[in-house]
Amino acid sequence: MRLKRTHYCGVISKENKGENVIVAGWIHGRRDHGGLIFIDLRDRSGIVQVVFDFQKNATFFEQARKLRQEHVIAVAGEIVLRSPDTVNPGLFTGEIEIAAAEMELLNASQTPPFYIEDGIDTDENLRLQYRYLDLRRPEMQEMLRLRHRTLMSARKHLDGRGFLEVETPMLTRSTPEGARDYLVPSRTFPGHFFALPQSPQLFKQLLMVAGVDKYFQIARCFRDEDLRADRQPEFTQIDMEMSFCSRDDVIQEVEGLVSSIFDDVLERPVETPFKVLPYVEAMERFGSDKPDTRFGMEIGDISSVAAASEFKVFKNMVQDGGVVKGLNVKGCAHFSRKDLDDLTSLARTLGTGGLAWMALVEDGIKTPIAKFFTSAQLESIKEKMKAEPGDLLLFVADKWETALKVLGQLRLDLAQSLDLVPEGTDHFLWVVDFPLLTYDQKEGRYVSNHHPFTAPHDDDYELLSKEPLKARSQAYDLVYNGTEIAGGSIRIHRRALQEEVFRLLDIGPEEAKEKFGFLLKAFQYGAPPHGGIAFGLDRLVMLMAARKSIRDVIPFPKTAAGTCLLTGAPAGVSAEQLAELHISTIKRNNNNGKG
RNA sequence: GGAGCUGUAGUGUAGUGGCCUAACAUGCCGGCCUGUCACGCCGGAGACCGCGGGUUCGAAUCCCGUCAGCUCCGCCA
């Protein structure tokens, strides 16, 4: 490399007029006019125009003619002002150009398989195979910067608040509960395995026992479950834990962190404190434990009217302990039969029997179930649903949770299609007072709602032995525009209580000792009260970047099937490697030959 | 594990039973061009329509299977 770079392309302005500079980068585009060639040269900072003039530089003009898309060059030349009629207002550097005086071709490039520019509509398959080219695109570079700035902001803020960044192991032990583990075979102990961490949960609790007091980590986590648009098997958490804290201490700390990040990175002020919604209220009003409160359409209840009606589907459901809940879809009484059929089939796929509807037209109520209700009952329904002429009412009769979840999903769906969700608004809220446990029908036992180390609500200790399902936890989720971006809890810090919770979860004393013995032991050596939270960094950045897929904010993501198209992982390994790890694989018929 | 959508030159699309010897744009290659910035003009190459089977006189088009990508349900303490 003869020419040593002096400037980045995208930052040169008329302030640099007359300077002799050397820039280096990729050929973004070229316009060959015969005796005059314009080159758009791109580096991570942006684009600058370089002009090759045959009359001034006949010697390397031939070389310039051969320049192609994505070739890498360095160019020396003088910054000159463009004449007013040739200024490009669409470019930061549009007022100037570099009059090439010398050029060095640093590397040629094959023609790239897609355009290196923003807003391309290329098969994601191809983008992932050539991720290094995809990442050259300005919007992807911006994503990398956004992610970087978010991490820097978080680090700076947490450091300022007295948090200590501590690393925890990636090779750890598999524990029951939670997601499927990624396993790593041990070479030295045949038949034994490490697991990659689903989160640093237990280590950060041990750090509290160790007296670290305030911990954080930008932690990579691994969960071997199926993927979604907002879920990758390998993801990053901003993980925090504090000692001697209450729920509200953690909440306050996190609100400080979030406003700091939004301030630093997006220069957008965030209003604190955030709203706090108990789980039951979130469900009752929005049919979700991560409600999108950017729009209304809250859920109503007509169970009492339904019970008194002659409509058996409603009546029986309420008598059997269920509920009848509904949505008021404002101004949508005109929905066609097909619209309603589509909604009904959506409701069915969401797990309920069907959907009842009432359309409020000018001269009354249009509904297939009119005959089951007295006019007084219909009036009462209208009142409960705050319905006016022109509104469409949708009802689901089911168990409390099912009815609300179905309506919650319909609410989101309708808001989407009716374009009710305002863009560019930041709605943060906390959901608290989750049930500590839920009953798993398949496994026939209680399972933790959050995780087994979550402390029960102070007022609900009594309930643990009597009515465990009624016990609330000290868990909290941070919801941003209808997406859960962080979750945490105050932890159990006493051995006896932890053992009691393990018992409830049907983790016997033997298993508890084997799997969590180290934690229980630690609790006997003066574990302080503590709690914490973890942010899904990828999701947070995705939302900050207003992207629909988490893959857009992860430099090297996996496909929906969990493969890496760039490297071809996962891949087979040699017999020697397997033998060393004491592993033999089982060939099945339907394993795509991937064995 | 289940459901749906998609797969046609390098890229993005059109073509939905015979008009297809597969079209258009862009990119690519060659030529011309001294003020372009989506430069322009002229010429050229480039696809057995993801793969395999079937139906049919005839398949890019219909059917079955399969692979890949995406989306959703289950799953994700």
Side-chain angles (χ1 to χ4, degrees), chain A residues 28-41 47-56 61 65-66 68-70 80 82-91 93-94 97 99 110-117 119-130 133 175-181 198-199 201-202 221-233 235 345-346 348-351 405 409 413 434 436-438 440 442-443 446-454 473 475 484 487 489 501 505 507 534 536 548-549 551 558-563 565 590 592-594:
Chain A
H28 188 70
R30 74 175 212 288
R31 292 172 294 282
D32 184 344
H33 288 243
L36 190 70
I37 300 173
F38 298 98
I39 293 287
D40 290 334
L41 193 66
I47 287 171
V48 70
Q49 174 164 284
V50 179
V51 187
F52 294 91
D53 191 326
F54 180 73
Q55 289 191 328
K56 291 180 186 151
F61 195 80
R65 284 186 72 106
K66 295 206 178 79
R68 291 294 179 270
Q69 215 68 236
E70 298 308 308
V80 296
R82 300 197 195 183
S83 67
D85 55 317
T86 61
V87 162
N88 181 352
L91 215 56
T93 59
E97 61 195 10
Q110 291 194 5
T111 303
F114 48 81
Y115 303 107
I116 311 298
E117 63 190 28
I120 57 169
D121 188 25
T122 305
D123 190 21
E124 199 174 354
N125 200 329
L126 207 63
R127 289 176 52 203
L128 292 177
Q129 264 177 60
Y130 293 90
L133 296 181
T175 51
E177 305 288 306
R180 193 176 296 114
D181 283 318
Q198 296 182 25
S199 81
Q201 183 59 35
L202 295 175
C221 305
F222 305 87
R223 294 177 190 175
D224 188 4
E225 298 292 349
D226 287 338
L227 289 80
R228 287 287 189 281
D230 64 350
R231 226 161 67 192
Q232 284 270 309
F235 60 100
S345 80
L346 176 61
R348 289 217 175 95
T349 62
L350 293 169
K405 277 191 171 169
Q409 195 56 52
D413 237 74
F434 286 89
L436 183 70
L437 306 165
T438 46
D440 187 316
K442 257 193 326 227
E443 297 206 24
Y446 297 116
V447 293
S448 295
N449 226 327
H450 186 54
H451 60 51
F453 319 106
T454 302
S473 72
E484 180 197 330
S489 62
V501 170
L505 298 173
I507 300 174
K548 290 212 161 55
S549 165
R551 292 185 300 277
K558 308 271 188 294
T559 67
T563 65
L565 294 178
N590 292 328
N592 316 329
K594 287 177 193 157

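Just so it is clear, the model here is predicted, and its values are computed rather than measured. Excluded from the calculations below are hydrogen atoms, water molecules and symmetry mates; all remaining heavy atoms, backbone and side chain alike, are included. We name chains A, B, ... by the order of the sequence lines, and we start the count at 1 in each one.
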Nearest non-hydrogen partners of A/Ile116 and A/Leu133, listed with the distance: CD1-O, 3.7 Å
Candidates B/C75, B/U36, B/G69 - which lies nearest the side chain of A/Leu565: B/G69
Donor/acceptor link under 3.5 angstrom from A/Arg228 side chain onto base of B/G74: yes
Value in whole Å for how far the C1' atom of B/C32 lies from CZ of A/Phe54: 15 Å
Among B/C76, B/C33, B/G12, the nucleotide that comes nearest once only the side chain of A/Glu225 is considered: B/C76
Those residues that, when tested against A/Thr559, pass side chain to side chain donor-acceptor pair (under 3.5 Å) (two or more places apart): A/Thr563
Rounded distance (Å) that lies between atom P of B/U26 and atom CD of A/Glu117: 14 Å
Distance between C1' atoms of B/A23 and B/C64 (Å, rounded): 30 Å
Stepwise salt bridge (Lys or Arg N to Asp or Glu O under 4.0 Å) check, A/Arg31 with A/Asp40: CA-CA 9 Å; A/Arg31 292 172 294 282; A/Asp40 290 334; 3.0 Å; yes
Atom C1', compared across B/G7 and B/C49: separation rounded to whole Å: 10 Å
Options B/C39, B/C76, B/C72, nucleotide nearest the side-chain atoms of A/Arg31: B/C39
Sugar-phosphate only, base, or nothing, as touched by A/Leu126 at under 4.0 Å among non-hydrogen atoms: sugar-phosphate
For B/C5, the Watson-Crick or wobble counterpart (both distances under 3.5 Å): B/G69
Nearest listed nucleotide, side chain of A/Asp121, among B/U26, B/C76, B/U13: B/U13
Listed nucleotide nearest any side-chain atom of A/Arg82, set B/G35, B/G27, B/U11: B/G35
RNA chain B: 5'-proximal contact among A/Gln55 and A/Arg223 (nearest heavy atom): A/Gln55
P-based separation of B/A14 from B/U6 [nearest Å]: 11 Å
Proximal nucleotide (of B/G30, B/U71, B/U36) relative to the A/Thr86 side chain: B/U36
Residue A/Arg65, side-chain heavy atoms: nucleotide from B/C32, B/G69, B/C75 that is nearest: B/C32
5' priority, RNA chain B, between A/Asn449 and A/Thr559 [closest heavy atom]: A/Thr559
Check: B/C76 base within 3.5 Å donor-acceptor of A/Arg231 side chain: yes
Partner set under side-chain contact (heavy atoms from CB on, under 4.5 Å) for A/Thr111, not counting sequence neighbours: none
Side chain of A/Asp226 - closest among B/G74, B/U71, B/U11: B/G74
Counterpart base for B/G58, defined by Watson-Crick or G-U wobble contacts under 3.5 Å: none
Nearest listed nucleotide, side chain of A/Thr111, among B/C72, B/G27, B/G12: B/G27
For the student: nearest non-hydrogen atoms of A/Ser489 and A/His451, plus distance: OG-CE1, 4.0 Å
Residue A/Phe38, side-chain atoms from C-beta onward, closest of B/U11, B/C33, B/U36: B/U36
